[in-house]
Number of protein chains: 2
Amino acid sequence: MATLKDIADHLGLSPATVSRALNDFPEVSEKTRKRVREMAEQMGYRANRSAQRLVTGRAGMVGMIVKTSADLRADQTFLEILVGLSAALAARDTDLVLAVDQGRDPVKAYRRMLDRDLLDGFILNAPAPNDPRVVFLRERGIPFVVHGRDRLDADYPFFTIDNFALAAESVQLLTALGHKRIAYLNGAEGYSYATRRRDGFLAAMAEAGLPVVEGALTHDTPSEAAGYRQALSLLAGQRGAPPTAFICSSMLLAEGVMHAVRDRGLSVPRDVSIMAHDDSLPLLDAINFSPSLTVTRAPLRDACAPLANALIDLIGGADPRSLQTLNRAELIVRDSTGPAPDQGDTAWP
Amino acid sequence: MATLKDIADHLGLSPATVSRALNDFPEVSEKTRKRVREMAEQMGYRANRSAQRLVTGRAGMVGMIVKTSADLRADQTFLEILVGLSAALAARDTDLVLAVDQGRDPVKAYRRMLDRDLLDGFILNAPAPNDPRVVFLRERGIPFVVHGRDRLDADYPFFTIDNFALAAESVQLLTALGHKRIAYLNGAEGYSYATRRRDGFLAAMAEAGLPVVEGALTHDTPSEAAGYRQALSLLAGQRGAPPTAFICSSMLLAEGVMHAVRDRGLSVPRDVSIMAHDDSLPLLDAINFSPSLTVTRAPLRDACAPLANALIDLIGGADPRSLQTLNRAELIVRDSTGPAPDQGDTAWP
DNA sequence: CTGAAAGCGCTTACAG
DNA sequence: CTGAAAGCGCTTACAG
């Protein structure tokens with residue numbers, strides 16, 4: 001493998017100059033820069049990263065820890081993030097090192113990685129309230145960014161969509177269509193995204209002067225089976241008059257709900273309107289539903305580049321507060337929502 | 001951060017001796033080793049990996065590339081492997097660096113990683129026949145191991161289960177129970193595991209003297225929806241008399257089949273027997289099916305440690321041929337299989 | 001059993 | 001605009 005010195009020897013220059021030329025230092029003459037570049041290319045030169053790291057103290061690598069305790073099966077989304085993130089980091093010349101959090105102590109995996117490797121920073125996902133990982137990394141002064149946020153006044157860099165707003169907007173669309181009995185099938189309890197959506201749903205219902213009956217707001221694994229089960233139970237009216245509209249926190253839930261509505265011999269949107277939040281995952285396209293699905297849409301992929309860039313910028317010394325992104329979801333009205341049915345036009349008691 | 005020299009100074013030793021003590025060189029006296037260890041512990045010493053890598057040329061890191069073209073949604077299994085692998089590598093003091101294969105050229109991602117990082121080796125999964133990645137890595141002399149194998153006489157280190165045998169054994173169990181019309185719902189075409197299972201199924205059917213009707217061997221995404229769809233179509237008898245038994249290449253397919261059988265008003269195992277291959281994924285337990293599911297079982301997790309160890313050993317200079325593992329799946333008979341129904345006891349024409 | 005020395009391949013003040 | 005030199009923190013022949 002060619003080294004800096006090899007290039008220098010071939011060109012009658014010093015390694016120092018070659019290094020400066022390759023790293024685009026302004027003081028190098030254009031002519032020298034060009035000669036160096038060409039020779040480097042010709043010799044197939046690749047900088048030895050270990051040597052660079054040793055002297056700069058920069059790794060060019062960041063870490064991410066997977067929690068095995070998490071519901072991997074439901075977590076279609078995690079892989080999407082992993083893939084997008086890795087690509088976005090590559091564009092910034094940074095690699096992603098993956099580790100597993102096997103145990104009870106969520107901080108252990110981080111400690112191990114920090115001991116073993118030179119890592120410039122970390123990416124966290126699904127933060128819990130007062131997340132111990134956040135506490136630990138902050139204590140050690142390690143740069144990190146978070147996908148999601150555990151509190152509204154988070155002081156770390158994060159990327160999140162406005163979960164409160166998307167839930168509220170869904171309600172508003174449906175109430176404008178005359179719906180009064182609206183069910184919300186939410187994700188599992190404890191995740192901050194689910195909490196925000198719940199709050200947005202309840203706030204918008206309250207603002208519309210509509211009560212929410214016990215059981216019309218559920219928390220469950222975001223799977224097709226859960227959607228099917230919940231919808232069937234609600235449509236049976238066991239917990240009061242059946243809803244005329246469903247808002248689903250995920251597309252998989254919506255699949256289940258559609259299925260249940262059909263199995264009950266009902267029609268969408270004539271008898272029941274259905275909406276969902278769409279993460280834009282591959283192979284799960286809202287347009288392919290029949291009828292096509294009205295959604296709030298925010299591609300999960302959109303989180304990746306902002307997260308990657310925020311982390312790199314943070315490592316570069318940027319102000320954490322300037323690296324916070326709150327994205328709005330897009331409301332897309334399709335064929336699965338329509339006016340409330342005549343006979344269903346009364347609110348829950 | 002404490003360095004070797006710091007420890008040496010504190011102890012009145014040379015950095016060389018400290019290095020040898022810490023790396024368990026036999027010539028170091030027990031007394032010195034002990035003193036060094038204690039001081040290192042006390043000072044919170046961590047070897048600088050970049051320095052070690054620079055001088056040894058060893059990375060302590062291996063790479064894995066995710067194909068984005070793959071069917072991520074169906075690929076629950078990938079995350080399981082990723083998690084297990086990362087843990088197994090950690091046990092061998094090795095990190096996993098992840099990258100994404102974005103484009104048409106499957107080799108590009110490997111080339112980029114090799115240029116950017118010092119990496120000791122690679123792990124590949126889902127090899128295709130004459131996989132270009134295999135060709136490329138072999139050409140460059142980079143150590144690699146494969147999950148699966150693209151040909152029976154593969155000369156690289158691999159881990160795979162005996163897919164031929166598990167399909168054949170499933171057939172044998174069912175024919176022993178008197179079944180003559182057996183359908184096989186396989187994974188998507190083109191994957192080598194699916195090809196081997198197909199061959200095993202056909203061989204065992206042939207050996208039992210049973211014909212396989214057109215449509216009784218399907219290739220599809222291993223999802224619940226696909227299982228449901230395929231089973232409904234087969235049970236409707238559109239492609240000949242309905243099967244009395246289904247063998248499913250995955251648990252998700254089996255979920256769909258069970259669902260379809262029930263929707264047709266049939267009972268398991270009285271009217272229809274169902275088997276599946278069980279990768280032992282979390283949250284998808286064959287025992288929780290009702291009736292509990294008869295399976296061939298081979299936990300996907302079992303692949304991780306052998307793969308990790310094979311790669312580390314290969315890097316250490318072991319013979320590739322000695323690092324090939326072929327595991328048998330375990331046959332577990334539960335309640336979803338029973339004698340063929342009286343009136344269904346005739347083979348397909 | 002231990003030490004002095006060279007070297008891995010870079011970067012970056014310091015000089016000129 | 002370029003070079004000589006020091007140094008990042010290790011490892012490992014070579015001596016003793």
Side-chain angles (χ1 to χ4, degrees), chain A residues 1-40 43-61 93 95 114-120 315-316, chain B residues 1-40 43-61 93 95 114-120 315-316:
Chain A
M1 203 64 186
T3 68
L4 272 191
K5 184 154 186 325
D6 294 334
I7 300 177
D9 288 348
H10 275 258
L11 254 29
L13 290 168
S14 73
T17 300
V18 175
S19 170
R20 285 190 278 249
L22 257 18
N23 290 305
D24 279 326
F25 277 45
E27 61 264 37
V28 178
S29 77
E30 205 39 66
K31 191 180 144 211
T32 303
R33 193 190 314 282
K34 185 152 177 287
R35 286 177 64 216
V36 169
R37 284 207 176 297
E38 279 166 5
M39 181 57 74
M43 299 178 73
Y45 172 76
R46 304 288 161 186
N48 180 317
R49 299 282 166 174
S50 299
Q52 285 183 321
R53 283 169 192 152
L54 178 58
V55 59
T56 62
R58 279 283 175 84
M61 302 192 295
D93 221 30
D95 275 317
L114 287 169
D115 282 352
R116 249 200 62 72
D117 296 296
L118 184 61
L119 246 31
D120 296 326
I315 292 164
Chain B
M1 203 64 188
T3 68
L4 273 191
K5 184 156 189 324
D6 294 334
I7 300 178
D9 289 350
H10 275 259
L11 254 29
L13 289 168
S14 73
T17 300
V18 174
S19 170
R20 285 190 277 249
L22 256 19
N23 289 304
D24 280 327
F25 277 46
E27 62 263 37
V28 178
S29 76
E30 205 40 65
K31 190 178 145 212
T32 303
R33 192 190 315 281
K34 186 151 177 288
R35 286 177 64 213
V36 169
R37 284 207 178 296
E38 277 165 6
M39 180 58 71
M43 299 177 74
Y45 172 76
R46 304 288 162 186
N48 180 316
R49 298 283 167 175
S50 299
Q52 285 183 322
R53 282 169 192 154
L54 179 58
V55 60
T56 62
R58 279 284 174 84
M61 301 192 296
D93 221 30
D95 274 317
L114 286 169
D115 282 351
R116 250 200 61 70
D117 296 296
L118 185 60
L119 247 32
D120 296 327
I315 291 165

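Each chain gets a letter, A, B and so on, in the order its sequence line appears, and its residues count up from 1.
Closest non-hydrogen pair, B:Arg20 versus B:Val28, comes out as CB-CG2, 3.7 Å. When all heavy atoms of A:Leu118 and A:Ala59 are compared, the pair lying nearest together is O-CB, 2.8 Å. When all heavy atoms are compared, the tightest approach of B:Thr32 to B:Ser29 is OG1-OG, 2.8 Å. Shown here for A:Thr3 and A:Tyr45, the closest heavy-atom pair between the two residues is C-CE1, 3.6 Å. Heavy atoms only, all atoms of each residue included: A:Met43 and A:Asp6 are closest at CE-CB, 3.7 Å.
You'll find that the side chain of A:Leu54 is closest to D:dC8, out of D:dC8, D:dT2, C:dC1.
One can place CG of A:Leu4 at 12 Å from P of C:dT12, the figure rounded to the nearest angstrom. If you measure from atom CZ of B:Arg46 to atom C1' of D:dG9, you get 16 Å, rounded to the nearest angstrom. Residue B:Arg53 contributes atom CZ, which lies 14 Å from atom C1' of C:dC8 at whole-angstrom precision. Between B:Asn48 atom CG and D:dC10 atom C1' there is a gap of 7 Å when expressed in whole angstrom units. Atom NZ of A:Lys31 is separated from atom C1' of D:dT2 by 13 Å (rounded to the nearest Å). One atom, CG of A:Leu118, and another, C1' of D:dC10, lie 14 Å apart when rounded to the nearest Å. Atom-to-atom, OH of A:Tyr45 to P of C:dT11 comes out at 6 Å; the value is rounded to the nearest Å. Atom CD in A:Glu27 sits roughly 14 Å away from atom C1' in C:dA15 (whole-Å rounding).
The residue B:Gln52 sits close only to the backbone: its heavy atoms come under 4.0 Å of sugar-phosphate atoms, none of a base. If you check every strand for non-hydrogen atoms under 4.0 Å, B:Thr32 touches sugar and phosphate atoms only.
At a non-hydrogen distance threshold of 4.0 Å, B:Gly12, B:Leu13, B:Ser14, B:Ala16, B:Thr17, B:Arg20 from residues 11-21 of chain B come into contact with DNA chain C.
When each of B:Thr56 and A:Glu30 is assigned the nucleotide of DNA chain D bearing its nearest heavy atom, the one mapping closer to the 5' terminus is A:Glu30.
No donor-acceptor distance shorter than 3.5 angstrom exists from the side chain of A:Ser19 to the backbone of A:Pro15, with no hydrogens or angles considered.
With salt bridges taken as basic N to acidic carboxylate O contacts below 4.0 Å, none links B:Asp120 and B:Arg53. Between A:Lys34 and A:Glu38 there is a salt bridge, with a side-chain nitrogen of the basic residue lying less than 4.0 Å from a carboxylate oxygen of the acidic one.
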For DNA chain C, what dot-bracket results from Watson-Crick or G-U pairs at under 3.5 Å, with [ ] for crossers and | for inter-strand partners? |||.||||||||.|||

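Here CD1 of B:Ile315 is found 7.0 Å from CZ of B:Arg58. Values are rounded to the nearest 0.5 Å.
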